[in-house]
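Quick note: residue numbers are just sequence positions, from 1.
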Amino acid sequence: MLRLCCCLALALTVAGPVAAAAAAAELVVVVDTGTSMPAARFVDGVLVDGWHRDIGQALAQRLGRAAVFVGLPRRRLAEALAEGKADIACTYMPDWLPGPFDWSTGFAPTVEVLIADRRAPRPRRVQDVAGKRVGTVLGYVNELALILGKDFVPEDAPSAEANLRKMAVGRMQYALTTKAYIEYRMKQGDLPLALHPPLEIKTLMTQCAVSRKGRVRVDEINGAIARMARDRAMEHIIDRYR
């Protein structure tokens with residue numbers, strides 16, 4: 001009996017550090033559940049596809065960790081990072097996700113585009129939509145607002161998909177989105193309305209917000225990003241969804 005107790009005590013003593021080591025070997029990536037493909041697709045709350053998943057796995061692999069994905073509404077992303085409940089959130093810019101975070105180097109290109117209902121005049125320059133309602137995604141700072149100033153009339157929605165639905169029923173004729181999103185929807189053949197060719201506004205190199213209370217430091221993430229650049233991992237991820 002004494003021997004059994006000693007063995008149990010030894011097992012518990014060993015199990016504690018092993019469990020802690022297993023937890024330490026994770027990279028917890030928080031993803032907005034309102035995100036659309038090609039960025040993310042959730043099934044019953046589980047991230048199953050999209051470049052958020054691919055990027056998280058690529059970074060985790062280069063850090064020798066296992067990627068764990070947590071889906072949250074966008075309004076709770078900053079809270080999860082600030083409290084150390086997640087390690088990183090990627091494909092953001094500091095203006096889009098304010099908080100006490102460290103920011104990685106830019107590595108994930110995002111092309112901001114203006115789309116227009118084909119029933120409306122095609123905009124050839126951004127000034128063509130001055131004073132007109134333009135669909136935007138809540139919480140994202142965009143270049144069009146900086147260019148047009150007081151002549152920019154945004155209509156916020158929770159997602160790019162919501163903006164397309166508004167356009168399809170005639171609530172507005174223009175919206176801001178990303179080139180990757182529109183190309184993906186065109187590839188799927190499921191756009192709800194006919195569009196003019198998109199007008200490119202600006203290319204951004206988006207970053208990862210890194211929790212200061214998380215399992216990894218920003219210099220480790222930057223090192224993983226540098227390794228991804230050397231083997232062109234980001235290009236392969238983007239190509240998968242074109």
Side-chain angles (χ1 to χ4, degrees), residues 30-42 47 49-52 71-78 89-98 108-207 209 238 241-242:
V30 65
V31 182
D32 180 359
T33 51
T35 306
S36 304
M37 284 292 284
R41 182 164 70 91
F42 287 88
L47 181 67
D49 201 2
W51 67 49
H52 277 293
L72 288 175
R74 189 173 187 280
R75 66 181 183 278
R76 293 175 55 196
L77 289 184
C90 294
T91 73
Y92 288 94
M93 301 293 286
D95 287 344
W96 302 349
L97 192 67
T110 295
V111 182
E112 184 179 56
V113 296
L114 177 69
I115 57 173
D117 188 330
R118 195 173 288 174
R119 294 167 293 187
R122 179 183 176 182
R124 302 286 180 171
R125 54 182 194 148
V126 296
Q127 287 77 12
D128 291 341
V129 296
K132 298 182 168 103
R133 284 189 301 168
V134 178
T136 55
V137 175
L138 187 65
Y140 288 89
V141 178
N142 61 77
E143 187 70 12
L144 201 59
L146 301 177
I147 296 171
L148 295 180
K150 62 182 178 57
D151 293 324
F152 180 61
V153 184
E155 179 160 325
D156 282 334
S159 66
E161 174 63 28
N163 278 325
L164 280 180
R165 289 197 298 268
K166 286 183 181 182
M167 293 177 70
V169 298
R171 286 184 56 182
M172 60 196 182
Q173 297 175 313
Y174 307 98
L176 285 169
T177 186
T178 65
K179 184 177 180 180
Y181 175 70
I182 289 300
E183 287 182 343
Y184 181 82
R185 293 297 298 267
M186 291 175 67
K187 178 181 176 182
Q188 300 302 306
D190 63 354
L191 280 171
L193 75 165
L195 299 172
H196 289 295
L199 175 65
E200 292 191 12
I201 307 297
K202 187 176 183 179
T203 299
L204 302 166
M205 295 300 288
T206 58
Q207 305 162 246
I238 292 170
Y241 300 99
R242 281 181 174 155

Supply the atom-to-atom distance [X] [atom1] to [Y] [atom2], rounded to the nearest 0.5 angstrom.
X	Y	atom1	atom2	answer
T177	I201	OG1	CD1	11.5 Å
N142	M93	CG	CE	12.5 Å
L199	E112	CG	CD	10.5 Å
L47	D32	CG	CG	11.0 Å

Looking at residues at least two apart in the chain, or sitting in another chain, which of them share a side-chain hydrogen bond (donor to acceptor under 3.5 Å, both in side chains) with [X]?
X	value
T136	D156
K166	E155
D190	R185
E143	K202

Which heavy atom of [X] sits nearest to which heavy atom of [Y], and what is that distance?
X	Y	value
N163	L176	ND2-O, 4.4 Å
T91	H52	OG1-CE1, 3.0 Å
L97	A89	CD2-CB, 4.3 Å
R119	A168	NH2-O, 3.9 Å
H196	A120	NE2-O, 2.7 Å
P123	L114	CG-CD2, 3.8 Å

Query raised in the report: Taking only residues two or more places apart in sequence or in another chain, which ones pass side chain to side chain contact (heavy atoms under 4.5 Å, CB included) with M186?
Result: I182, L191

Query - Electrostatic pair E161:R165 at N-O distance under 4.0 angstrom - result: yes

Query raised in the report: Between T33 (side chain) and G71 (backbone), is there a donor-acceptor pair under 3.5 Å?
Result: no

Is there side-chain contact between [X] and [Y], with at least one heavy-atom pair below 4.5 Å?
X	Y	result
D128	P121	no
E183	P38	no
P198	I115	yes
M167	L195	yes
Y241	M37	yes
V153	V134	no

Query raised in the report: What ring pair (Phe, Tyr, Trp, His ring centres under 6.0 Å) pairs are there with at least one residue in residues 135-189, not counting sequence neighbours?
Result: W96-Y140

Requested in this report: Taking atom CZ of R122 as the centre, report whether more than 12 heavy atoms of other residues, nucleotides or ligands fall under 6.0 Å from it.
Outcome: yes

